[in-house]
Amino acid sequence: MSTPYNHKEIEKKWRKHWEEHPINVNDGKKPKYYCLDMFPYPSGSGLHVGHWRGYVISDVWSRYKLKQGYYVIHPMGWDAFGLPAENYAIKMGIHPSISTASNIANIKRQINEIAAIYDWDMEVNTTDPEFYKWTQWIFVKMFKAGLAYEKEMPINWCPSCKTGLANEEVVNGKCERCGAEVTKKNLKQWMLKITAYADRLLADLDKLDWPEKVKKMQSDWIGKSYGAEVDFPVDGADETITVYTTRPDTLYGATFMVLAPEHKLAKGLATEETRAAVEDYIFKSSMRSNVDRMQDKEKTGVFTGSYAVNPLNGAKIPIWLSDYVLADYGTGAIMCVPAHDDRDFEFATKFHIPIIQVIAKDGKEIEHMTEAYTEAAGTMINSGEWNGMESAVLKKEAPEMIEKMGFGRKTTNYKLRDWVFSRQRYWGEPIPIVHCEHCGAVPIPEDQLPLLLPEVESYQPTGTGESPLADIDEWVNTTCPVCGAPAKRETNTMPQWAGSSWYFLRYVDSKNPDALVSREKADQYLPVDMYIGGVEHAVLHLLYSRFYTKFLCDIGAIDFDEPFQKLFNQGMINGKNGIKMSKSKGNVVSPDDLVRDYGCDSLRMYELFVGPPELDAEWDDRGIDGVYRFLNRFWNLVMDNKDKDIAATDEMIRVRNKMIYDITTRLEAFSLNTVISGFMEYNNKLIEIAKQSGGVDKQTLVDFVSMLAPFAPHIGEELWEQLGQSGSVFDKENPWPVYDESKMAETEVEIAVQINGKTKAVVKIAKDADKENAIAAGKAALGDKLAGTVVKEIYVPGRIINIVVK
RNA sequence: GCGGAUGUGGCGGAAUGGCAGACGCAUCAGACUCAAAAUCUGACGGUGGCGACAUCGUGCGGGUUCAAGUCCCGCCAUCCGCACCA
């Protein structure tokens, strides 16, 4: 009996060996492959088996690429600024710089248990001044390019986190971080003009090999629409109200107009009689929270007392105020066509406003309208000179017609808003701006960066709309970099997304003091070829990173404008019954015990075996026994056969080639769970062959080990050595095995024989048997089960025989 | 409301339109053992039958096809995303 599989000794041995003999070295000749994980924030609770999943997937892929001869860039770092780190520090009563450092140390230790080929020389940490120097530098560049600007406006405010939030951070009216209901607060904010990139962010999605779901989420979030602006004069006044509409074809059907209560003309449109009601409505709207406005869809509104004139036909239509019109989309005012819009229909019905149908439905006018007809399909009616036109055609042509008629213009609109970039919190990059009475907002000169985050004793959020930094007089008071007069520093900090929007560029040149990344290294090693992480960042980090990359490309810092060529979103791992793993639910499975009892290799393989990588999975501790038993059985197979010197039979050669083919195609398809079951199938098969033939040839075992190694690297290296192979199994001299298609095919196959599509027998025939012989063999196998008149005989070589009888 | 994903044994899951349930977990039986664990061998969708076998079976209802988990039409359920964007 040979030595049994001892994961502890083997894993210890090869960890030490890899430390002394790195396997992923850049010899300057190999092509690069950049495989990136979404870097974690250093939470206090450490990793659970769910976190392992993405890291294992990316490491398996990296090692596969390594064996294909690439120099693999596979770095790891820490997204250490931001709310989670700061909230944890507050809870524990430790300064965030201290808790962050100790959390990083702990998580780094845990991550190393995965045995991934991370290159720790590249490690980055967003809170390192040498890193955030460049986060600030990018902000300064954006400021100089006019993309960072200050604006006072009502923004999303989380009363629990005590900070402003970007639109992307508000989920169903609640804070993305803590779940508290988001309110509005009027604050002077730094904004990033991401809208300037809306068109490119939308169009370039086509270039990306990303899951359709994420592309869809981004394009919906950008929300481009095509339509027209139309100018409506206010009856008896000098004012004009411009509305935005995507349905200019229905202009004749406009029977009223609605302005957002926040519209700048809203108050002025009130008459003597309506003033009190209008002011009351505007005030009440301002008090309603987002959640209120979203949940309560019952339309409210107030008539201003004024009328607008439809520029097309001169009709006077009443102007109303209602909070179903959003102030910050389009022009904050809409023309309302109740016959052809659900919301307008509801409003008109409630307030008894006339409804004029302008598109015929099924060729006629509806007698008693009970709901709006919203299709742009049908002939125009009640529409003056437009009568008889097809609405679908008119919808496209109307914007230009209106433009020619001189009371409007063709235009597009986006749902995407500029990015609220200020946070009223301590633990973030200080915004490198000085406010000077004479010069206004002045950026800190680039050669004076980084602007260090000052050490403070009280870093708790104030809740007043000011950052804790505002209390540090000696830091706030400074001089203007332009005129030298006394000036005050900006006290808000950047959001967590600032560092993560560009960190992937820094890895390949992480210690460069002169540039965020040298152009030389950027050209050589970037962009990212494969990005692996959760789907939760679809419209946050992944959108912001694309924006930053495009900007940095525009200023010549880099030469590509999309950061991530290919994206893979792994599913979450949940606890029993699909309940999300969390400390409070007490269902967190720690990898530490599993590594101890089964070894890193078994856990890595089970992380993949647990289910299709793109879907959520339920963790079941017992399942790991299966892969552990497989590794034991395979270990024994190799140890029993390595010195036997068995000559390969035709069957062994065939199985070997088929095995390489199966494993490779499944891996290329990213079907990692079936790669693992494939290993198990072929292990079972080889054990069977060994039983029958007295052993298995060595080459088959060598190829098996070669493919297994990226999944289970320790046992892979050990068996590689046991098989007497030279070097590391990951050396480029030991590439991923190739299959010979001509040697895969079986000469004889078992195929099913069916009568009317139901299998009645199985027959073994030559794979390429001709129809006559095959049918004859099939009929023979059926014997007297075949009764009745044969109507049709179907034979698909290697697949099926089907006899159709009556 | 709109959009997307998913639905297969006790469980996780597998199936280029071609023998549904590979692979694994759990369970049961047997071998080994004084015994247990580990390991090995076998059984393992439902119903009927001692049995070879028959019959039903991939969320539900239709359809296309010699043949449907897979393709088409219409539903249902669960999950996710968006949600008054004019």
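The chains referred to below are lettered A, B, ... by the order of the sequence lines, with proteins before strands, and numbering in each begins at 1.
Across B:C53 and B:G17, the matching P atoms stand 31 Å from one another, rounded to whole Å. The gap from the P atom of B:U70 to that of B:U6 amounts to 13 Å, rounded to the nearest Å. One C1' atom belongs to B:G4, the other to B:A83, and the distance between them is 14 Å to the nearest Å. Across the C1' atoms, B:A29 and B:G48 are found 24 Å apart, a figure rounded to whole Å. Of the P atoms belonging to B:C19 and B:A67, the separation is 15 Å, rounded to the nearest Å. B:G59 and B:U78 have their C1' atoms separated by 11 Å, with the value rounded to a whole Å. Across B:U65 and B:C60, the matching P atoms stand 23 Å from one another, rounded to whole Å. Comparing the same atom, C1', in B:A68 and in B:G30 gives a spacing of 41 Å after rounding to whole Å.
The existence of a salt bridge linking A:Glu750 and A:Lys764 is excluded, since no basic side-chain nitrogen approaches an acidic carboxylate oxygen closer than 4.0 Å.
Proximity of the aromatic rings of A:Tyr606 and A:Tyr628 is defined here by a centroid distance below 6.0 angstrom, and this criterion is not met.
Residue order along RNA chain B, read from the 5' end via each residue's closest nucleotide, puts A:Glu681 first among A:Lys691 and A:Glu681.
By the rule that a glycosidic angle within 90° of 0 means syn, B:G9 counts as syn.
Counting any heavy atom pair closer than 4.0 Å across all strands shown, A:Arg666 reaches no nucleic acid atom.
For A:Lys299 and B:C84, a side-chain-to-base donor-acceptor distance below 3.5 Å is present, hydrogens and geometry of angles not being considered.
Of the N and O atoms on the side chains of A:Thr195 and A:Asp418, at least one donor lies less than 3.5 Å from an acceptor on the other residue.
Remark: B:C71 base-pairs with B:G63; criterion is Watson-Crick or G-U wobble with both hydrogen-bond distances under 3.5 Å.
Atom CD of A:Glu536 has more than 12 heavy atoms from other residues, nucleotides or ligands within 6.0 Å.
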